[in-house]
Amino acid sequence: MDRQMITGVLVVAVLLTGSRWISHLSVGSLYIGDALVCAAFLRAAYSRLRSPKRAGRTYGPGIMVGLLLLMTAFRLLAVQGDVRMAARDAAPFAYAAIAYLSASAYQRASDHGRERTVRLLYGGLLLHFAWVAVVTWLPEFAATLPQVGETRLLEIRSDFDAALLGVLAGMSILRTKRGRVWLHATVAIAALVPALALRNRAGILACCACVLVAVVLRLGRNGRINFRAVLVAATVALCLTAVLPMTPAGQRLLATNGGTTASREVVDGAVGTKRARFIAWSRSMAYTLDDPVRASIGVGFGTDFLQLSNGDLPLGRGVGLRAPHNYLVTVVARLGFVGLTIVGSLLTALLAVVIRILRRGSPDELTSLCVLLVISIIIVAVLGVVLESPFGAAPFFWASGILLAGDRSRRARLRQAPEQKTPPTAERMTANTSLRHGDIGEAEGCPAKHLRRRQWAIP
């Protein structure tokens, strides 16, 4: 039995377990994420050389991923300043290459290999929940831990960590149909508790989205979403709406526009953060559009466009921030509208695949996990610096490769299915027609009435 897991799963499992702080572990200038990605590519190349070529075609993640990698390489070749800083800016875009590893391995993997992949990732999400819960309720303990690069050991990144807690809750909801209902229901509820306490708006939106998607996938039957799934999802949405105002994260979310009963401090913080980000986005876009070349292909990598545009002033200059808390604005600034067209097309294709999966309902566990990862990371990336970092980019593109390749493979099978249906031969049609009229058989010593009784048994 083939027990091989999906290539690149170790990278994703490590980053999902430790989130931001573990991505800062390094040996010299080589970070753990980079080392694991290089090892995954080397292992994939070695396996392809050792393994015989299997029958059947495998599909890649699509042309948009390839165009994004080509655009990234093109802008890297034009770097003239600090090469190390340019490589750091380009790394999250280059992580899109992991989509090719996951896409190919997903189609070649056995059911047992996919099951082991899900088991490893689910275990990583459980470990992530464990340390986030400890740090959330024991902040004094976290403050005593040593530094890891630019962050601290077990330091919480509230938006991404809340999103991952939502993925764990969603996976636990989906697992209730496999038995141990109370165990998985308890895990789902327990995962939501620290997520609601993290006071992050994007994180709680991603968390709620994962819960709703999981409910729809859990109740979908016979390849479609039934009325029961819609009704239960609406009920869950109403319950979340009723519970959110009583939680720290919900109060901050409702305080975004100032209309809430939360404390003045919470309202000022939420409104001030929103205003600061809008200013940073508008200044970054204005700086990019001021020059036709920058508007077309961006500033590239290595250039601190946020500082040059003074977009970092409202966010806090001097803290090392190089992105304006919006992935699409970052893409426009770094790669221009050419890059935005590529990334926008990729995200649109991904969301279309997710919608098709939701309409069909009841996918396998690995596909469900990838759907939850993609949805949660997209939400927090629009309001934070997540896809500009390896800890968000690697899981996102890994899951995207599986979804895109799986959808392309399924559509190819559907196109080939009608072609495989060949019309019956003339002899077969003649025999069937003769049997229906009872004009053969008696010559062979078989009464026609018996043949008429058995005529529908003949293919």
Side-chain angles (χ1 to χ4, degrees), residues 8 11-12 14-15 18-42 65 68-99 101 146-153 155 157 160 280 284 287-288 291 293-294 297-313 315-327 329-336 338-339 342-343 381 384-398:
V11 187
V12 179
V14 169
L15 294 176
S19 182
R20 177 175 179 263
W21 66 264
I22 206 168
S23 66
H24 283 268
L25 292 178
S26 63
V27 178
S29 59
L30 185 64
Y31 290 94
I32 185 172
D34 302 329
L36 290 174
V37 168
C38 292
F41 274 96
L42 291 174
V65 176
L68 178 58
L69 291 173
L70 287 175
M71 186 70 179
T72 302
F74 168 72
R75 297 304 286 142
L76 267 177
L77 292 175
V79 170
Q80 297 178 349
D82 188 345
V83 176
R84 182 176 178 181
M85 186 59 69
R88 178 181 175 183
D89 291 338
F93 293 92
Y95 270 71
I98 201 173
L101 291 183
Q147 288 286 127
V148 178
E150 299 176 1
T151 185
R152 187 180 297 276
L153 190 69
E155 182 175 341
R157 171 61 186 259
F160 189 66
S284 299
Y287 173 76
T288 304
D291 183 83
V293 176
R294 287 200 298 263
I297 58 176
V299 301
F301 305 112
T303 302
D304 192 350
F305 70 89
L306 197 61
Q307 183 176 357
L308 292 174
S309 66
N310 289 323
D312 62 336
L313 289 178
L315 300 176
R317 176 167 289 182
V319 296
L321 188 64
R322 297 177 63 84
H325 286 81
N326 187 307
Y327 182 64
V329 176
T330 301
V331 170
V332 174
R334 294 284 181 205
L335 303 178
V338 174
I342 296 171
V343 172
V385 186
V386 174
L387 276 177
E388 297 93 333
S389 305
F391 64 82
F396 175 79
F397 285 113
W398 184 86

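The chain is numbered in sequence order, starting from 1.
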Salt bridge (Lys or Arg N to Asp or Glu O under 4.0 Å) involving R75 - partner list, sequence neighbours excluded: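 Residues passing salt bridge (Lys or Arg N to Asp or Glu O under 4.0 Å) with R75: none at all.
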
Minimum heavy-atom separation for [X] and [Y], please, with both atom names.
| X | Y | value |
| --- | --- | --- |
| F160 | S19 | CD2-OG, 3.3 Å |
| W398 | G8 | NE1-C, 3.6 Å |
| P395 | L15 | CD-CD1, 4.2 Å |
| A94 | T72 | N-CG2, 4.3 Å |
| V14 | I22 | O-CG2, 3.6 Å |
| L335 | M71 | O-CE, 3.3 Å |

Parallel, tilted or perpendicular: rings of F93 and Y327 (30°, 60°):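 Parallel: the ring planes of Y327 and F93 meet at under 30°.
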
From [atom1] ([X]) to [atom2] ([Y]), nearest 0.5 Å:
| X | Y | atom1 | atom2 | answer |
| --- | --- | --- | --- | --- |
| F301 | D82 | CZ | CG | 14.5 Å |
| T330 | H325 | OG1 | NE2 | 9.5 Å |
| T288 | I297 | OG1 | CD1 | 12.0 Å |

Compare all side-chain heavy atoms of [X] with those of [Y] and state whether any distance is below 4.5 angstrom.
| X | Y | result |
| --- | --- | --- |
| P92 | L387 | no |
| V385 | R20 | no |
| F396 | V386 | no |
| L321 | D312 | no |

F397 vs V12, side-chain contact (heavy atoms from CB on, under 4.5 Å): CA-CA, chis, key distance, verdict: CA-CA 10 Å; F397 285 113; V12 179; over 6 Å; no

Residues which pass side-chain contact (heavy atoms from CB on, under 4.5 Å) with R322, listed by chain and number, not counting sequence neighbours: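 By the side-chain contact (heavy atoms from CB on, under 4.5 Å) rule, R322 matches M85, D89, D304, R334.
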
Y287: what forms a side-chain contact (heavy atoms from CB on, under 4.5 Å) with it, not counting sequence neighbours?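 Here the qualifying residues are R294, V299, F305, L308, S309.
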
Can you check side-chain contact (heavy atoms from CB on, under 4.5 Å) on V37 and V11, steps first, answer last? CA-CA 6 Å; V37 168; V11 187; 3.8 Å; yes

